[in-house]
Amino acid sequence: MGLIVQKFGGTSVGDLDRIRNVAKKVAKTYDEGHDVVVVLSAMSGVTDGLIAMAKKIDEMPDKRELDVLLSTGEQTTVAILAMILKTMGYKANSLLGFQADIRTDRMSGSARIQSIGAERIRNMLRERTIAVVAGFQGHDDFGNITTLGRGGSDTSAVAIAAAIGADICEIYTDVDGVYTTDPNMCKKARKLSKVSYDEMLEMASLGAKVLQIRSVAFAKKFNVPVHVRSSFNEEEGTMVVNEDADMERLVVSGVTYNRNEARITLKNVKDEPGIASKILAPVADAGIVVDMIIQNTRASGLTDFTFTVPKTDFKQAMEIQKELSKMIGAEDVIGDDNIAKVSVIGVGMKNHSGVATKMFQTLATENINIIMISTSEIRISCIIDEKYTELAVRSLHTAFGLDAEAKVE
Ligand code: ASP
Ligand code: MG
């Protein structure tokens, strides 16, 4: 019999009836003979409500106390579920983060798990007791309550699964899996039965709606198989696992887009050692994360230097560059925040040539101009004019054989 971690998200525990539904699922798994650890989120909307309440007191609430406050959301749901399970005749106990000994660093609000002393959970399982653990929370070395960042109970669940050596971590949510692209943008999007950790990490923009991305990095590191599925039906969802031969047959498994970036170009800067660091260091010092970078030297000894930043940081980054351009003698600084990044992702790319060509041809056929290109081992991304995002996503989805009615080997 297996050892299973089942995590239920906010909508799955949204009210008492839904928590009763969760109890039934947990009980069914337990009755099949498995050992079960349940990890819960707060009821949907509760964490937001608590944050709003704190902000009425102070726009920047004290971080330590905010963690104490936010952790109550999960404290409520674990107590309720354990109560229901007990009335159903099952042996179950709730555990808060500190009781499950989920130790984190001291970063209030975005703490990272450092270790899990799984002894207490293991003892409960030995007695065939269901452990109902509060997600999203832990404690630091000084006994302070910490929280793991929004969506953090996914990471709690995967980390607990790793710590106790669970056979699988099931993430029950309100969507039924990971799709080949955003179903709201492309009606032909298809549910993937399997996706690799690395693809999932690259698909952050798609996958983040389904799983906190940090939990995927955790799953990969400790090789925890994750099954993302709906808590409202019995259907199989998507398995997030190590890559296998099956996945390699499919060249591309997902098409993603991101409209949250902006582009900045410094025109005609001197092509000399140190120029890239001069341009980008002040951006990094301002805490702005740069994504793509392009620089190409011309015979004239001058170069255009282009990079992208999150749209929210665009104004600030432009100001920094305008100031800087005077110092380094750039001819001009040009910004554009009407861009989108479309990407094709797939581990199969490693063994197939011609993926980039196919992507460029597809965009060319639709008359979409490519402004920038970047690649990784399993991803090709193009920056295009924002207004063509939908067209680009749909045509790439079709071109790579991902459409729902298309036959995929
Ligand atoms: N309740 C927390 C949040 O809303 C953690 C979670 O649901 O994963 O972010
Ligand atoms: Mg969530």
Side-chain angles (χ1 to χ4, degrees), residues 5-16 18-19 21-22 25-26 37-55 61 63-82 94-100 102 104-105 107-113 116 131-140 144-163 169-175 177-178 200 204 207-219 224 226-232 237 240:
V5 173
Q6 299 188 315
K7 182 259 168 180
F8 295 88
T11 43
S12 310
V13 294
D15 57 37
L16 265 189
R18 289 189 170 177
I19 302 181
N21 180 45
V22 166
K25 277 192 188 286
V26 172
V37 176
V38 186
V39 177
L40 297 184
S41 287
M43 292 179 173
S44 54
V46 164
T47 310
D48 287 333
L50 292 170
I51 292 173
M53 199 199 289
K55 285 201 166 161
K63 287 186 170 174
R64 180 187 184 278
E65 304 312 332
L66 188 62
D67 275 354
V68 176
L69 181 66
L70 296 192
S71 68
T72 61
E74 276 73 11
Q75 179 159 353
T76 308
T77 49
V78 290
I80 298 285
L81 178 65
S94 64
L95 292 176
L96 298 181
F98 80 90
Q99 292 169 316
I102 298 172
T104 72
D105 62 19
M107 286 300 292
S108 311
S110 57
R112 289 181 176 264
I113 296 177
I116 296 182
V132 185
V133 187
F136 181 53
Q137 55 179 266
H139 67 115
D140 69 13
N144 298 302
I145 295 173
T146 53
T147 63
L148 309 181
R150 299 308 304 272
S153 26
D154 292 334
T155 302
S156 308
V158 174
I160 289 169
C169 180
E170 297 182 329
I171 305 274
Y172 287 89
T173 174
D174 52 3
V175 295
V178 180
M200 192 68 186
K209 290 174 199 149
V210 186
L211 267 184
Q212 194 197 38
I213 283 307
R214 214 196 308 162
S215 71
V216 183
F218 231 105
V224 180
V226 175
H227 187 180
V228 184
R229 59 195 305 183
S230 167
S231 60
F232 303 109
V240 189

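Atoms within a ligand are numbered from 1 in the order they appear, just like the ligands themselves.
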Any donor-acceptor pair under 3.5 Å from Thr77 side chain to Ser41 backbone: yes
Thr47, any N or O under 3.5 Å of ligand 1 N or O: yes
Ligand 1 to Ser41, heavy atom cutoff 4.0 Å, flagged ligand atoms 6 (C), 7 (O), 8 (O)
Under the rule for side-chain contact (heavy atoms from CB on, under 4.5 Å), what residues qualify as partners of Phe98, not counting sequence neighbours? Leu96, His139
Interfacing atoms of ligand 1 (cut-off 4.0 Å, heavy-atom, Ser153): 5 (C), 6 (C), 7 (O), 8 (O)
Between Arg214 (side chain) and Leu148 (backbone), is there a donor-acceptor pair under 3.5 Å? yes
Just checking, is any N or O donor in the side chain of Thr104 or Thr146 under 3.5 Å from an acceptor N or O on the other one? yes
Close N or O approach (Arg150, ligand 1; < 3.5 Å): yes
Is the shortest distance from a heavy atom of Gly73 to ligand 1 less than 4.0 Å? no
Sorted by chain and residue number, the side-chain hydrogen bond (donor to acceptor under 3.5 Å, both in side chains) partners of Asp48 (sequence neighbours excluded) come out as Arg150
Taking the non-hydrogen atoms of Glu74, is any one of them nearer than 4.0 angstrom to ligand 1? yes
Does Gly151 reach ligand 1 with a nitrogen or oxygen that is under 3.5 Å from one of the ligand's nitrogen or oxygen atoms? yes
Just by distance, no angles: are the side chains of Gln137 and Glu74 close enough, under 3.5 Å, to form a donor-acceptor pair? no
